[in-house]
Amino acid sequence: MGNPFVFGSATSGEQFTDRVQDAERLLANFKHGVSVILISPRRWGKTSLVQKVSAMAQSKDIKVVNLDIFSCRNAEDFYQLFATEVIKQTANKWEEWAENAKKFLSALIPKISFGIDPNTDFSVSLDFSNTRLNDELLDLPQKIAKDKGFRIVVCIDEFQQIAEFLDHVHFQKKLRSVWQLQTEVSYCLYGSKKHVLSELFSNQSMPFYKFGDIFFLQKISTDDWITFICERFRSTGKSISAELARKICDTVENHSSYVQQLAWNVWIKTKTSATSTDVDAALIDLFNQNSMLYYRYIEGLSGFQINFLRAVADGKSNEFTRSETLQNYHLGTSANVKRLKDALEKKELIDITGRIVSFNDPVFKIWFQKNIRKL
Ligand SMILES: Nc1ncnc2c1ncn2[C@@H]1O[C@H](COP(=O)(O)OP(=O)(O)O)[C@@H](O)[C@H]1O
Ligand SMILES: [Mg+2]
């Protein structure tokens with residue numbers, strides 16, 4: 001019997017629910033060569049969705065290349081990963097990588113290394129002083145696509161990372177100038193820091209302005225979650241009522257990863273049929289499993305920032321211009337509130353949509369209300 005619920009890493013197969021319309025929309029983009037920018041807070045399901053759609057789109061006419069640039073610290077890291085993964089993932093077997101690497105890169109790069117284990121060991125070493133070379137590397141998917149007669153979709157996870165690179169606007173200009181001329185290649189650029197990504201893609205003065213279809217991924221609906229949870233219990237010989245499944249969703253505000261984690265905690269406690277007591281106990285487990293993380297969030301905050309979160313937790317989400325809110329929560333001036341919002345958004349603790357401020361992490365919110373407010 002497999003694990004009925006999965007959290008912490010991207011999910012697929014039986015553990016993947018709903019997202020039918022999201023998958024269709026993304027698949028249409030992939031198939032028609034329309035570039036797309038996908039944005040949502042962490043752990044709502046971007047990576048899972050892109051992986052699912054990548055598998056659906058993969059065919060003899062379309063190759064999908066997936067890379068995650070979270071660990072790239074600069075443009076050099078990026079070029080290296082980009083070139084390596086494009087070569088690897090557009091080939092069927094490792095002999096073909098070698099062939100492609102020689103064919104498309106050897107004129108450009110003197111050193112290509114293959115390790116003993118060809119499945120994991122292939123990398124290109126680049127000479128970054130040559131700027132023409134970098135443009136050529138960015139054009140690699142177009143060259144391969146034309147040569148092989150298929151189209152390519154390059155999906156880049158944690159794309160917000162490029163805003164950390166030195167001189168990143170210049171770097172983005174370069175990417176855009178090469179990528180926008182590619183007729184056989186489209187891109188799916190996705191990540192979590194909404195304020196960073198919105199700036200990259202929606203600000204007229206930025207190179208990636210209007211690069212593609214911007215897609216703000218929403219949460220999975222309660223009805224879909226209920227069906228999913230009940231089904232996963234049933235398929236493992238246990239049961240849960242729709243009402244309790246709903247309670248799981250409500251408690252964690254439909255946050256994908258937490259729904260799965262809380263459902264898993266309930267499932268372990270359940271003998272045959274889940275009870276309300278099981279759900280309450282499972283929530284306490286959820287706090288315990290995550291409290292280290294929450295203490296770490298708190299450790300890095302100033303007194304003002306904690307005061308601000310208190311106000312948000314109390315539902316004062318759009319009342320920060322009121323002087324009584326400023327006074328009651330000791331927030332200082334309204335200019336200070338602006339700084340607090342910016343800082344907490346940067347830390348990914350809050351989301352700001354229009355004038356509404358909310359916690360990004362619904363379980364942290366409950367934990368914060370229980371543990372921090374009373375200090
Ligand atoms: N479509 C889905 N169906 C079921 N669970 C999901 C789905 N998408 C995400 N999850 C849950 O959320 C977790 C985080 O998903 P992930 O794709 O890594 O999110 P992101 O890339 O947005 O951070 C997964 O491990 C899984 O528990
Ligand atoms: Mg992800």
Side-chain angles (χ1 to χ4, degrees), residues 2-27 36-56 64-72 81 85 154-162 188-198 214-236 240 245-246 248-249 251-268 282 285-286 289-290 293 347-349 351 359-364:
N3 184 345
F5 298 101
V6 164
F7 51 92
S9 57
T11 181
S12 63
E14 284 176 331
Q15 281 103 9
F16 189 93
T17 178
D18 178 53
R19 297 260 185 243
V20 174
Q21 281 165 5
D22 297 327
E24 271 173 11
R25 173 169 170 187
L26 204 54
L27 185 63
V36 54
I37 293 106
L38 177 66
I39 303 172
S40 86
R42 287 156 171 278
R43 297 187 291 140
W44 278 26
K46 293 174 297 298
T47 305
S48 304
L49 177 67
V50 172
Q51 286 180 0
K52 174 180 163 139
V53 173
S54 299
M56 290 162 84
V64 185
V65 174
N66 281 287
L67 54 141
D68 179 342
I69 62 166
F70 190 69
S71 58
C72 292
L81 187 69
E85 294 305 317
V154 181
C155 303
I156 306 184
D157 202 350
E158 307 291 355
F159 193 74
Q160 74 280 348
Q161 189 64 30
I162 70 163
C188 170
L189 308 175
Y190 63 112
S192 62
K193 291 196 174 177
K194 187 170 92 181
H195 63 292
V196 177
L197 289 171
S198 297
I214 299 191
F215 183 174
F216 289 98
L217 188 69
Q218 304 297 311
K219 288 177 177 170
I220 293 168
S221 74
T222 307
D223 285 347
D224 286 315
W225 273 129
I226 292 175
T227 312
F228 174 79
I229 295 168
C230 294
E231 207 294 306
R232 299 306 292 154
F233 269 73
R234 201 178 311 121
S235 72
T236 46
I240 184 169
R246 181 182 297 276
I248 292 177
C249 300
T251 306
V252 300
E253 296 175 15
N254 291 19
H255 181 289
S256 301
S257 181
Y258 281 134
V259 171
Q260 294 247 22
Q261 191 171 5
L262 184 55
W264 167 243
N265 290 353
V266 175
W267 186 89
I268 309 176
D285 288 350
L286 190 65
Q289 287 154 352
N290 291 289
L293 175 70
K347 288 175 188 281
E348 290 188 88
L349 289 179
D351 176 73
F359 275 70
N360 260 334
D361 183 328
V363 181
F364 173 58

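Bear in mind the structure is a predicted one, so any value in this text is a computation, not a measurement. This chain uses plain numbering: 1 for the first residue, then up along the sequence. Ligands are counted one by one from 1 in listed order, and the atoms in each one are counted from 1 as well.
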Inset, instruction - Specify whether Tyr258 and His255 have parallel, tilted or perpendicular ring planes, treating 30° as the upper limit for parallel and 60° as the lower limit for perpendicular. - result: tilted
Inset, instruction - For the residue pair Phe364 and Phe359, categorise the inter-ring angle as parallel (less than 30°), tilted (30 to 60°) or perpendicular (more than 60°). - result: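 Tilted, since the angle between the ring planes falls between 30° and 60°.
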Legend entry - Side chain, backbone, both or neither: Arg19 near ligand 1, heavy atoms under 4.0 Å: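 It is the side chain that gets close, since no backbone atom is under 4.0 Å.
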Inset, instruction - Report the part of Ile220 (side chain from C-beta onward, or backbone N, CA, C, O) that has a heavy atom under 4.0 Å from ligand 1; answer both or neither where that applies. - result: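 The answer is the side chain of Ile220.
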Check each atom of ligand 1 against the heavy atoms of [X] and keep those under 4.0 Å away; list them by number with element.
X	value
Ser48	8 (N), 9 (C), 15 (O), 16 (P), 17 (O)
Lys46	17 (O), 19 (O), 20 (P), 21 (O), 22 (O), 23 (O)
Phe7	25 (O), 27 (O)
Val6	25 (O), 26 (C), 27 (O)

Inset, instruction - Side-chain contact test, heavy atoms from C-beta onward, threshold under 4.5 Å: evaluate it for Thr17 versus Glu231 and give yes or no. - result: no
Inset, instruction - Side-chain contact test, heavy atoms from C-beta onward, threshold under 4.5 Å: evaluate it for Gln160 versus Tyr190 and give yes or no. - result: no
Legend entry - 2.8 Å cut-off met by an N, O or S atom of Thr47 to the Mg ion (ligand 2): yes
Legend entry - From NZ (Lys193) to OG (Ser198), nearest 0.5 Å: 13.0 Å
Legend entry - Rounded distance (nearest 0.5 Å) linking atom CZ of Phe159 with atom OG of Ser192: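 Output value for this atom pair is 13.5 Å.
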Legend entry - Residues, nucleotides or ligands: over 12 heavy atoms within 6.0 Å of Arg25 CZ: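 Count over threshold, so yes.
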Legend entry - Polar atom proximity, Leu49 to ligand 1 (N or O, under 3.5 Å): no
Inset, instruction - For Trp225 and ligand 1, answer yes if some heavy atom of the residue is under 4.0 Å from a ligand atom, otherwise no. - result: yes
